[in-house]
Each structure stands twice: as structure tokens, then as C-alpha cells.
There are 2 protein chains.
Amino acid sequence: MSTIHDVAARAGVSAATVSRHLRGHRVRTAVAIQEAIDALGYRPSIAAQSLKSGRTRTIGVVVPDITNPYFAAVVKGMESASRDRGYRILLANSDESSEREDDVLTDMIHQVDGVILAPATEQDETPLHVRDAGMPLVFVDRDLAGGEHFDAVLVNNREGGRQAASHLLSLGHTRIAAISGQQETTPGRHRREGFVEALADGGLELLPEFDLTGDFREESGYQLTLQLLSSAEPPTALFTANNLMTVGALKALHDMRVGIPDQVSIIGFDDLDTGPLLNPPLTVIDRPMVEQGVLAMRLLLQRLGQGDDRGGGSRRITLDTKLVRRGSTGVPRR
Amino acid sequence: MSTIHDVAARAGVSAATVSRHLRGHRVRTAVAIQEAIDALGYRPSIAAQSLKSGRTRTIGVVVPDITNPYFAAVVKGMESASRDRGYRILLANSDESSEREDDVLTDMIHQVDGVILAPATEQDETPLHVRDAGMPLVFVDRDLAGGEHFDAVLVNNREGGRQAASHLLSLGHTRIAAISGQQETTPGRHRREGFVEALADGGLELLPEFDLTGDFREESGYQLTLQLLSSAEPPTALFTANNLMTVGALKALHDMRVGIPDQVSIIGFDDLDTGPLLNPPLTVIDRPMVEQGVLAMRLLLQRLGQGDDRGGGSRRITLDTKLVRRGSTGVPRR
DNA sequence: TCGTTCTCTGACAACGGTTTCAGCGACGAA
DNA sequence: TTCGTCGCTGAAACCGTTGTCAGAGAACGA
């Protein structure tokens, strides 16, 4: 592993001159230096550069679960957007746990120039510390309570919930259930609130026994759906607030041999790769995924480019959701 | 951001003593030092540590596509296994491209203590450079031509291909097609070879027009399936060599209103989260996913622990595949 | 010819840790 | 009392890079 001094020696100049050449300054011995660099296969030590400059050209990315296709797509967007600008990604899973999120954040904070985070809960304290440390921070997918002062790339979850409810109402459903995500997360809360609001607009109330809360994981979707089906008079329509819980719900409906949409209509939040192939094809509220990652990364890199993170208040981008009508929702049976 | 000198000053000792305390040495002023550390919220600078020690406690992970559920699961396994041992993950997508893989590898090589890689092709040169640089390297999912001297965690792809063919043969199919992955990748080649072998054992040949090669992406599965369906006498059974191409094939069959398994049976490689929910449920060759990631990371960290990467030759782990019979395969129609 | 400016240069001091080295005090043995 | 040993300590060097600083020539105008 050759150093800048090896290059300098070979080119017959000082290390300072090599450094200047690398930073793009005009240098008389440029050709000789470049030759030496190529010959030695020299690459600057990131550690030394970081130590000196205080920058790492690395971005910390913390998501609740990388196996969730939504987050996988978001991370992919971030990765390509960051690489385009010469930044790398340090990835961590929080596993939907605030404690673990706290751990990984404090662990990575000295190693990155900025952080993109999908917080496990709205009440997280750690992100505040991150910002206190003067480190740019962008939220993606999820927000923090009182997070208006932070940059964020979100979707209009409330409107998405509303679209789901309106769709079910328009089909004539009256016994409607919802399996929401953690109410301590922005998407969990907003999707449910929008859903409830639109039902109310239609003169309908979300009955307590149909108002269930899961944890954005497949298993909770499965269990809560079983619970719904076991009630004396089950719902005729179901809204599941994210892709994994939708899969769980579908498995439960499948296992209990419940006809979709004849006996129960189901609408999910977030599309699945196999959404159109399911039996029947899945109706969902869809939203941009890779794009959210790209936007979040661009926002962050922009902050870094400005050299200062107090550049004119917080920038918050909210994208729209879209109803994708397929076969899993229909009119309620008589 | 406080430094070790701040801590030293506050505790009334020298920086060296603080460093010793942190490394676990016995020190008289341990209490005072710990107090100062807590009070200042001191955390050592990774950059400085790396510069001095030459280790970063970071592992580079390069996969072709993080949105492939298989790789997402593998990465999740790696992430949790590495965090348990105090290591972090630098993630990069190669996008199934050797050039990009080369770029990200040379970019990250000075920043990590080891690399886990799913190479884009078997002929990649870069991994050799990685190893020449004395950096531990573990392959996962895919191998390199002549890669016997590298550590690897793989599955028995040949046997998986064989299982798929045997299953189709046992159902009585004779017009059998395969959509394989890049033949320049280990899984692409071995799955096809195993498939062809087992067909031969059954006295059957894979006809040239039924022997197609895609690129492990959804779009190629879609296009090649359309091509198969347009032939004068289409196959009655189809093997798709990875999850994304399976999805593509299913979409093509769906769009062309081809009955599964009545008109065409289909068996995929790698299960889908929604596999059991598809219409009909998907028959697949399944394999461990998260576990592969965990094993690969453990292998790598073991090398690092030994301090030397010539510890007794290469270690190669091969896991078994498993046939999961569901509804998408059946007897050929008359 | 002599200043003055301009461009480029090398020496040197950081950045924040770890490690080596020599030294110091306390203690036990002779 | 003296000497050696033991356990702990601080000063200093070092890891590889970048920024500062003063200075060396060259170019230029007077």
C-alpha cells in the first residue's frame, strides 16, 4: 500500500506537491506525478484524509428493515445517487427498535458526514443528538414528532389512507376494518388518521373491534387478520397499512379459505413486485420508492455542499400516493 | 466533539493513560477517567484509530442488486452478524455490471478490513486485486472461475437445477424449457447444467429453442417467456433460474392468459415472500437466505480474528437447496 | 538595473489516536 | 540500608494527508 510520500519520492517532488496535484492545483511536474501515481497504483488513505479534513464522504443510512422491499428500493436509490457524487453508504438495520437505532446511530455518527434515517418511532431522542452534533440529517418515509425543523422526504400518508377508505366506501362497504402500523410512527398514525377521516366523511365510524394496530411486520398482519375473521360478524373490507402486513393478511385469508373479494375486499399500502400476479391481483395505494431514496440523498448532499446545515430552514418534500385498482377489492356480497 | 486530550485534561492524566484505560489496561485513575469520558460524551475518532492501526472495523459488501429479495435477506444476515462483533457494513450495488463492481471495489478497498462479494461474472479480475492487496475476501451466492482458493458460501446450484428437472420429469413433462441466468456466473451456469444433466438422465434433451438465457432480471424473464409462447409448439413446463426472472415469466404468462399449470407448469429458483399466495401458489427450489449472509460474515470475521488470511487454505460452505412443491406445477395436459 | 508581483515549491505543523520507551515510586528481599 | 522488581505513568514518535508559511525563481515594469 503506497503512500503519498512514495509517489513524491518517485516523482522527485515533495508530498505537498503531490497533494496539490491531486486536489486539482496547477503544478509544473504534473506529468511525472501522474506517472508515479499510475505506476504505484496509489490511492489516498481515506482514514488520513478523514482525520485531517473531518469529512469521510460516507453517509449513514438507517432503516428499520432492509428486507422490506420498500426500504430495499429506497436504499437502492440512495446508493446510486450517492455514488454519482462520490459518496459511500454505511448501512444499518434498526429492526424497528428505538434502542437499536440509538446504538447504531451513536456508533456511526463519528464515521459519516450525514445521516438518512427512517426513525423507529416518532419519539426518538437520538436523532436530536445527531443534529446537535452538527451533522446533517434527513428523514425518509417517517418523521419525528416536532420534526418540522428537519429535512425530510415523505409521502402524503394521510391522503393515502383517505384514498383507501374512499375507494372502499365507493364500492359500498360498511363493515370496514383497518390493520394499522405502530401509532408511534408517522406513517402508522397518518395512514390511520386519513383512513378514519375519510370514513367519517362517508358517515361511517371505524368500530373499535375493527380498528387494529400491528407493527408493520408480516406476522402481525397474519395474526390480526385471523382475529378479525374470528369475530361474530367479520368485516367485508380490510385496509392493511404496509406491504408486509398485507402479505400476512393475505396468507391468513388464504389459510382460512376466505374468498377475495367476494367475502373480504383487501387494499394494501405499498405495491408488491408480485401485486399484479396475486389471486386476485392486489389493489394498493402506491407511492414512489427508488425516487424517495434519490431525493433524500440529494437533499443531504446539498446540505453538505453548502458546507453549513443552516441554509434557509428545513426542506421537506412530500410526494403523492396513488390508488392502483386491481382485483382484490369489489362490491360487498349481499 | 471532544478528543482524548480533553478527557485526559479533565481527568488530570495524559492522553496515553486514557488510551490505555480504553484498551482495557489496568490504570490507577480509572474512575476519574471514566467520569470524564461520560461527562464529555467522548467517543474515539474512528478515522484516527484507522490511520494508526490500519483497521477500520468496516466490511465492504457488494451485491448485484439490493432490491432482489434474496440479496436483501443476505445483507440483513450480514448486517446483524457484523454488528454483533462490532463491525459495520459499507454497502454497494454492482448492478450486475463488472465495470461498476470494479469501480466500487477499488473505491472501497482502502476503507474496509474485508470484502464480501457476489461477483457480477465468473471472469472478474478485480477480486484478485482485492486479495493481492492482502484483504480477506469471501464470496457469497456466486463464485469465480478458479475461485477454489477463496472462501465462499454457496448453495448447491447444480443439485437445485437437478431437483427442478427431476420434478418436471416426474410429472410426465417432455416439452420442457429453461430460462437460465448469465452463463458467466456460477449460479447461472450450474443451475442450467444440473437441469440439463437431470433431463439427460431422464432420456430428454433440452431443445435449443427451449434453452434460453436471460440476465437474472425481471424484464428478461418476461421477454423470453413471450418468445417461448410464440413458438409453434410451446413447452408444457418452464424452469426459471431466479426469483426476478420467475416474476417476469409469471407476468408474461398472465398477460398472455396462459393457464398455470394446465397449459404451462412453472418452477422457479428462490422462493418469493408471496410465493404461496400466487395464483396458483408457486413451486420453487428454495434455499437459506439470511443464513447465507450470516455464515459469510462469520467466515470473514474469523479470518480477521486470526490476523492472517492464510489460515489453512480456503473454507467453502455449500448449503442444500430444497424443492417446495406448490400448485404451479402439474401433469402436462393431453 | 532594480524592485515588485506572481507562480510554484518544500518544510513543517497539525488532525486524534496508539505504542514505545524510559522513568518513577512502592514494595519485598537480602 | 540497599538493591532489584513490579506496576503504572507521561513524553514523544508515528500513522498519511492537507493547509500554512516563507521563500525561490521567473516575469514584468520602471
Side-chain angles (χ1 to χ4, degrees), chain A residues 1-34 36-37 40-58 86 88 106-113 133-135 304 307, chain B residues 1-34 36-37 40-58 86 88 106-113 133-135 304 307:
Chain A
M1 202 110 324
S2 49
T3 76
I4 202 171
H5 290 99
D6 302 332
V7 175
R10 194 178 223 269
V13 297
S14 76
T17 303
V18 177
S19 175
R20 276 187 276 260
H21 169 69
L22 288 168
R23 312 285 320 275
H25 290 248
R26 175 179 299 282
V27 149
R28 274 196 268 271
T29 44
V31 205
I33 292 176
Q34 193 55 52
I37 288 175
L40 296 171
Y42 165 77
R43 308 213 76 211
S45 146
I46 312 260
Q49 285 181 323
S50 303
L51 178 58
K52 185 70 176 124
S53 67
R55 330 229 130 183
T56 59
R57 296 191 79 79
T58 302
R88 304 161 200 90
T106 49
D107 180 61
M108 69 168 42
I109 194 170
H110 291 280
Q111 206 178 357
V112 298
D113 292 348
M135 177 144 317
L304 290 176
Chain B
M1 202 108 329
S2 48
T3 77
I4 202 171
H5 292 98
D6 301 333
V7 176
R10 195 177 222 268
V13 297
S14 76
T17 303
V18 177
S19 175
R20 276 188 274 259
H21 170 68
L22 288 169
R23 312 288 318 276
H25 290 246
R26 176 179 299 282
V27 150
R28 273 197 268 271
T29 43
V31 204
I33 293 176
Q34 193 54 51
I37 288 175
L40 296 171
Y42 166 76
R43 309 213 77 212
S45 147
I46 313 260
Q49 284 181 323
S50 305
L51 178 57
K52 182 66 179 144
S53 68
R55 329 230 128 185
T56 60
R57 296 192 78 79
T58 302
R88 306 161 200 86
T106 49
D107 180 60
M108 69 168 43
I109 195 169
H110 291 281
Q111 206 178 357
V112 298
D113 292 347
M135 177 144 318
L304 290 176

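Since the model is a prediction, treat every value here as computed from it, not as a measurement. Numbers restart at 1 for each chain; the letters A, B, ... are given by sequence-line order, proteins then strands.
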Between atom [atom1] in [X] and atom [atom2] in [N], what is the gap in whole Å?
{"X": "I4(B)", "N": "dC15(C)", "atom1": "CD1", "atom2": "P", "result": "14 Å"}
{"X": "I33(B)", "N": "dT9(D)", "atom1": "CD1", "atom2": "C1'", "result": "11 Å"}
{"X": "H5(B)", "N": "dT18(C)", "atom1": "NE2", "atom2": "C1'", "result": "11 Å"}
{"X": "I46(B)", "N": "dG17(C)", "atom1": "CD1", "atom2": "P", "result": "10 Å"}
{"X": "L51(B)", "N": "dT18(C)", "atom1": "CG", "atom2": "C1'", "result": "11 Å"}
{"X": "H21(B)", "N": "dT19(C)", "atom1": "NE2", "atom2": "C1'", "result": "18 Å"}
{"X": "R55(A)", "N": "dC15(C)", "atom1": "CZ", "atom2": "C1'", "result": "14 Å"}
{"X": "H25(B)", "N": "dT18(C)", "atom1": "NE2", "atom2": "C1'", "result": "10 Å"}

- prompt: Is there a donor and acceptor pair closer than 3.5 Å between the side chain of R43(B) and the base of dG16(C)?
  reply: no

message: Using heavy-atom distances to pick each residue's nearest nucleotide on DNA chain D, tell me which of A15(B) and S53(B) is more 5'.
response: A15(B)

Nucleotide nearest [X] (side chain, heavy atoms from C-beta), chosen from [options]:
{"X": "R23(B)", "options": "dC8(C), dG10(C), dT18(C)", "result": "dT18(C)"}
{"X": "T17(A)", "options": "dT9(C), dT9(D), dT17(D)", "result": "dT9(C)"}
{"X": "S14(B)", "options": "dA11(D), dG7(D), dG16(C)", "result": "dA11(D)"}
{"X": "R26(B)", "options": "dT17(D), dC8(D), dG10(C)", "result": "dC8(D)"}
{"X": "K52(A)", "options": "dC14(D), dC15(C), dG10(D)", "result": "dC15(C)"}
{"X": "R20(B)", "options": "dG16(D), dG10(C), dT9(D)", "result": "dT9(D)"}

Upstream residue (5' side of DNA chain C) when A48(A) and A16(A) are each assigned their closest nucleotide: A16(A)

query: What does S2(A) touch in the nucleic acid at a heavy-atom separation under 4.0 angstrom: a base, only the sugar-phosphate, or nothing?
result: nothing

Phosphate contact (dT18(D) OP1 or OP2) by S19(A) side-chain N/O below 4.0 Å: yes

- prompt: Side-chain N or O of Q49(B) less than 4.0 angstrom from OP1 or OP2 on dT18(C)?
  reply: yes

